[in-house]
Amino acid sequence: MFGFLKINQDATRDEVQEEFVARVADAAQDFVQAAGSTGAVLDYSLSSVHALDDALEAAHLGTLPLTPMQTVGAAAYLYEVGRRAHGGLYEVCDDEDPVVLVCGEPGAEVCFGAIAKVERRIRYGAAEAIPAYFDLFSAALQTGEARTIR
């Protein structure tokens, strides 16, 4: 996916995270470039989640063709918006979301999956809107509620 398992096994956890963040950011940037044709302003701000949703609507309608890796890049963009706003670590998860962002304090960690959600948004349209989904993540962090958002 982002090459998480291809990193040197002798690397420290911090080194692995730094490398992983760089790879996620690169994937996100590839999506930002692809989505540029829609006019979406994707600046990694919290408000840009709405612009991401607009770009994904264009992908749903077929006016923004995305490769499978650009679709992963859209999820990477959403992860990076969350990480830049709230911190957190990338973790390996499962087949539905091979990578997740984990934020919050120990005992109140929020596990946020974006890959499957972005795929559902493209496939099913506005019924799978991203802003409301991202709001669930933000609310869980604000209340200190340990939760998995998928």
Side-chain angles (χ1 to χ4, degrees), residues 1-7 14-105 109-145 147-150:
M1 179 73 39
F2 297 111
F4 189 80
L5 300 176
K6 294 180 184 175
I7 296 173
D14 288 343
E15 290 169 334
V16 170
Q17 276 298 312
E18 285 176 23
E19 180 69 21
F20 201 65
V21 166
R23 291 177 187 208
V24 172
D26 286 346
Q29 193 57 38
D30 285 344
F31 169 75
V32 168
Q33 289 175 337
S37 65
T38 68
V41 178
L42 298 169
D43 61 4
Y44 298 94
S45 66
L46 292 173
S47 63
S48 73
V49 170
H50 294 279
L52 170 64
D53 195 60
D54 291 344
L56 295 177
E57 178 65 12
H60 170 71
L61 296 173
T63 58
L64 175 62
L66 295 176
T67 67
M69 283 310 297
Q70 288 168 332
T71 299
V72 170
Y77 180 85
L78 188 57
Y79 281 141
E80 277 296 286
V81 169
R83 188 189 66 78
R84 292 175 188 197
H86 303 292
L89 298 172
Y90 290 112
E91 299 286 343
V92 174
C93 192
D94 59 23
D95 288 342
E96 184 177 357
D97 280 300
V99 175
V100 294
L101 178 64
V102 180
C103 300
E105 302 296 323
E109 290 181 332
V110 178
C111 177
F112 181 62
I115 298 169
K117 179 63 175 180
V118 164
E119 290 171 347
R120 290 191 308 267
R121 175 62 176 96
I122 293 169
R123 185 175 301 122
Y124 301 117
E128 294 287 339
I130 298 297
Y133 182 72
F134 193 80
D135 288 346
L136 294 173
F137 169 65
S138 297
L141 286 171
Q142 281 184 325
T143 62
E145 173 189 356
R147 187 165 176 200
T148 298
I149 311 293
R150 296 187 105 173

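Quick note: numbers below take in every heavy atom, side chains included, and nothing from hydrogens, waters or symmetry partners. Quick note: residue numbers are just sequence positions, from 1. Every value quoted in this text rests on a predicted model; they were computed, and no experiment measured them.
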Mind checking the [atom1]-[atom2] spacing from [X] to [Y]? Nearest 0.5 Å is all I need.
X    : Y    : atom1 : atom2 : value
Q17  : E91  : CD    : CD    : 6.0 Å
L56  : T38  : CG    : OG1   : 9.5 Å
L46  : R84  : CG    : CZ    : 11.5 Å
T148 : E109 : OG1   : CD    : 10.0 Å
Q70  : L64  : CD    : CG    : 7.5 Å
D54  : I130 : CG    : CD1   : 11.5 Å

**Asked** Do the rings of Y77 and Y44 sit parallel, tilted or perpendicular, given the 30° and 60° boundaries?
**Response**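 Rings of Y77 and Y44: tilted, as their planes differ by 30° to 60°.
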
**Message:** Parallel, tilted or perpendicular: which one describes the rings of Y79 and Y90, with boundaries at 30° and 60°?
**Reply:**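 Judged by the thresholds at 30° and 60°, the geometry between Y79 and Y90 is perpendicular.
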
Close side-chain approach of [X] and [Y], heavy atoms under 4.5 Å:
X    : Y    : value
C111 : R150 : no
V99  : F20  : yes
R121 : L78  : no

Of the non-hydrogen atoms in [X] and [Y], which two are nearest, and what is the gap between them?
X    : Y    : value
S48  : S45  : OG-O, 2.6 Å
A51  : A40  : O-CB, 3.9 Å
C103 : L141 : CB-CD2, 3.6 Å

**Request:** Under the side chain to side chain contact (heavy atoms under 4.5 Å, CB included) rule, what do D30 and M69 come out as? Steps first, then yes or no, please.
**Result:** CA-CA 9 Å; D30 285 344; M69 283 310 297; over 6 Å; no

**Request:** Let me know which of L136, I149, V100, D97 forms a side chain to side chain contact (heavy atoms under 4.5 Å, CB included) with F112.
**Result:**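 Testing F112 for a side chain to side chain contact (heavy atoms under 4.5 Å, CB included) against L136, I149, V100, D97 leaves exactly one candidate, I149.
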
**Item:** ring pair (Phe, Tyr, Trp, His ring centres under 6.0 Å) partners for F31, two or more places apart
**Value:**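 Residues passing ring pair (Phe, Tyr, Trp, His ring centres under 6.0 Å) with F31: none at all.
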
**Item:** Intermediate values then yes/no, side chain to side chain contact (heavy atoms under 4.5 Å, CB included), D53 and F134
**Value:** CA-CA 11 Å; D53 195 60; F134 193 80; over 6 Å; no

